[in-house]
Amino acid sequence: MSFLNGILSQVQPTKLSFTGDDFMYILPEFIVLVTACLLVIVDLILPKKSRGGLAWLALLGYVGALAAAGYLYYADATISHTTFSGMFVRDNFTLFNEIIFLITGILGILISPTYSLKRKIPLGELYSIQAFSVLGMMIVGGSGDLMAVFVGIELSSIAVYILTGFARNDRGSAEGALKYFLLGIMATAILVYGMAWTFGMTGSTNLREIGRQIASQHSTSSNMDSGITFAMLLLLVGFGFKIAAVPFHVWTPDAYEGAPTPISAFMSVGPKAAGFAALIRVMVEGMPTLSNQWTIIIAVLAVLTMTLGNVVAIAQNSVKRMLAYSSIAHTGYIMVGVAAYVNSNGVDTNVARQNDSISSVLIYSLIYVFMNIGAFGILIYLQNQQGGAEVDDFNGLARWSPIAALAMALCLFSLAGIPPTGGFFGKFFVFRAAINSNLLWLTIIGALNSAVSAFFYLRVVVAMYFNPQSEESKSKLVPTRSFFLTAALVIICVAILVLGLYPDPALKLAQDGATPLFQVVKAAAGQP
Amino acid sequence: MTSITFTLVISAIVFAVGTVGVLLRRNPLVQFMSIELMLNAVNLAFISFSGRFGTSEGQVFVLLVLTVAAAEAVVGLAIIVAMFRHRRRIDVDDIHAMQG
């Protein structure tokens, strides 16, 4: 292995230093960490009756973290600052991901209380573990080093394994948790083996340094390729599990169906977005030189993911399981955006086109947070009222709860990508990026899949508006009001409409978010 | 064979044994142990690369992997116990309340 000698001479020890600024730049993460710890402590002190107030503490923490992230953005909108010896990067990509994860956290808190109280799930622990999960995702979003990617992904995943099995009296919950756990940690092992090989081939765990090493080795010799390609494949498999891409999706339907519904909503958006953030950080910042190879793999996986997710979703009678398969399909749409990173028609490094690709991934993830938690939110509403989660349980919802039916219809139209909802623009941006990268075939498959998906989304709408409510369902109906759930659904419906009618500000923010990645890529390739 | 190649081959073999164990064994506890084996293979790879480069990054990574593996063990055993409470025996072939 003589090639290692060449790397050895180039590896330089990095200087360790911490300053007060370092802590300034992780302020949002720090606030979430303090909130999570406070929730554990206050939960112990408070008497059982007044623990409902913990939701306010959690919300305060998330909103405070959002405010801190916003403050850092307004203080310097073009910020790109490396902290903690390259472990954490504060730039606009970090910011956009923090917004996604904090909104996920806020909505996740709002939809939980009524459902959890009915099933005797301890709320304080649920909130604090969820906050740790959000913290892990935020670390992934701002990671500048493989170690930060690993620790962040694990912090968010382990927390979600616990949450999945939180309904201890429910057999499905434990079962879903076990399946998720075993496959999840196996994915972790594969992922970290890929990180070991990446480290072994480049001599560094810092993503920018890895990018530089691969670029320089690529230009001088070709005998490195097999080792680094092996590493890249292992990393892709690991990330594939985390984002639930076919064929690494087998845990998804059972984990989503078994978990308490508010947790299904949370884990169908948060860890998925974190997986994409990690994928983009590692692949775009660390391995831009190999982008011709990994985009092809992602494009193929995207086709499988979209098609399997949509086709199997048609056959589902449980709305919860249908939403699980639909979330697999949405992973596929987002992967189309990632695959658009490289122009399939010859090599070019047009930054505007690449920016379109990454910003479409970001904005789709944001819109997906709202519409998917919205659909799960109405499901929670229905389960609070009468317990069931089958398509038939939606029969006649428009009669006895017209506003809930309208909100569900809005979320489902958005998931199907029908204008004027946010989901339409999400798909529009992703497919536009693919067309600009000459991936017309992928766009066509994606559009056909959208048409298929409309079938099973509209099936629920038809049940709500045209089928009569059964007598059995009427007898089970227990009117339950929840201030938090209503608030969450109002926020979601407004957000879906705003993103559908006026997506410009969010799009601008997503484009800003994608920009710092390409400065890194250029620097790695030695361009100004 | 140089020493790094030797340790890397060992690491690859251990990783493969772990993977086969996860896929073939039916007891969640044994599957969990196999995954621990995979993580140890990763640690071996990190240490041999790290020794070759003479930097500490790989060794720090090993400490992180060990810590995370411990956290996983705690959560995993808790989930397996919860599972056991429901059905008094654990075997992944019995776990099929949800299908489709």
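It should be emphasised that the depicted structure is a prediction, and the values quoted were computed from it without experimental measurement.
Using a 4.5 Å cut-off between heavy atoms, B/Phe15 touches chain A through its side chain atoms alone. Residue contact with chain A, scored on non-hydrogen atoms closer than 4.5 Å, involves the backbone and the side chain of B/Ser50 alike. With a threshold of 4.5 angstrom between heavy atoms, A/Asp170 approaches chain B through N, CA, C or O but not through any side-chain atom. Contact annotation for A/Phe150: only side-chain heavy atoms (C-beta onward) come within less than 4.5 Å of a heavy atom of chain B. For chain A, the nearby part of B/Val22 is the side chain; its heavy atoms alone come within less than 4.5 Å. Of the atoms belonging to A/Leu146, heavy atoms from both backbone and side chain fall under 4.5 Å from chain B. Proximity to chain B involves both the backbone and the side chain of A/Val192, based on heavy atoms less than 4.5 angstrom apart. There is no contact between B/Ser34 and chain A, counting heavy-atom distances below 4.5 Å. Using a 4.5 Å cut-off between heavy atoms, B/Ile47 does not touch chain A at all.
Taking all atoms of both residues into account, the shortest heavy-atom contact from A/Asn206 to B/Glu57 is N-OE2, 4.3 Å.
Here the side chains of B/Leu64 and A/Glu154 are not in contact, with every heavy-atom distance at 4.5 Å or above. By the 4.5 Å heavy-atom criterion applied to side chains, A/Ile190 and B/Met38 are counted as neighbours. A 4.5 Å side-chain heavy-atom check between B/Ile79 and A/Tyr180 finds every atom pair outside the cut-off. For the pair B/Gln31 and A/Met186, the minimum side-chain heavy-atom distance is 4.5 Å or more.
Within a 6.0 Å sphere centred on CZ of A/Arg119, heavy atoms belonging to other residues, nucleotides or ligands number more than 12.
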Show your reasoning for whether side chain to side chain contact (heavy atoms under 4.5 Å, CB included) applies to A/Thr202 and B/Phe53.
CA-CA 10 Å; A/Thr202 58; B/Phe53 291 126; over 6 Å; no

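Using cut-offs of 30° and 60° for the angle between ring planes, the A/Phe199 and B/Phe49 rings count as perpendicular.
Residue with the most contacts toward chain A among B/Ala78, B/Gly76, B/Ala45, B/Ala82: B/Gly76 (heavy-atom pairs, distance under 4.5 Å). Residue with the most contacts toward chain B among A/Ala174, A/Gly165, A/Ser157: A/Ala174 (heavy-atom pairs, distance under 4.5 Å).
A distance of 11.0 Å separates OH in A/Tyr193 from CZ in B/Phe46, rounded to the nearest 0.5 Å. Distance check: B/Leu77 CG to A/Phe181 CZ gives 7.5 Å after rounding to the nearest 0.5 Å. To the nearest 0.5 Å, atoms CE (B/Met83) and CG (A/Leu178) are separated by 6.0 Å.
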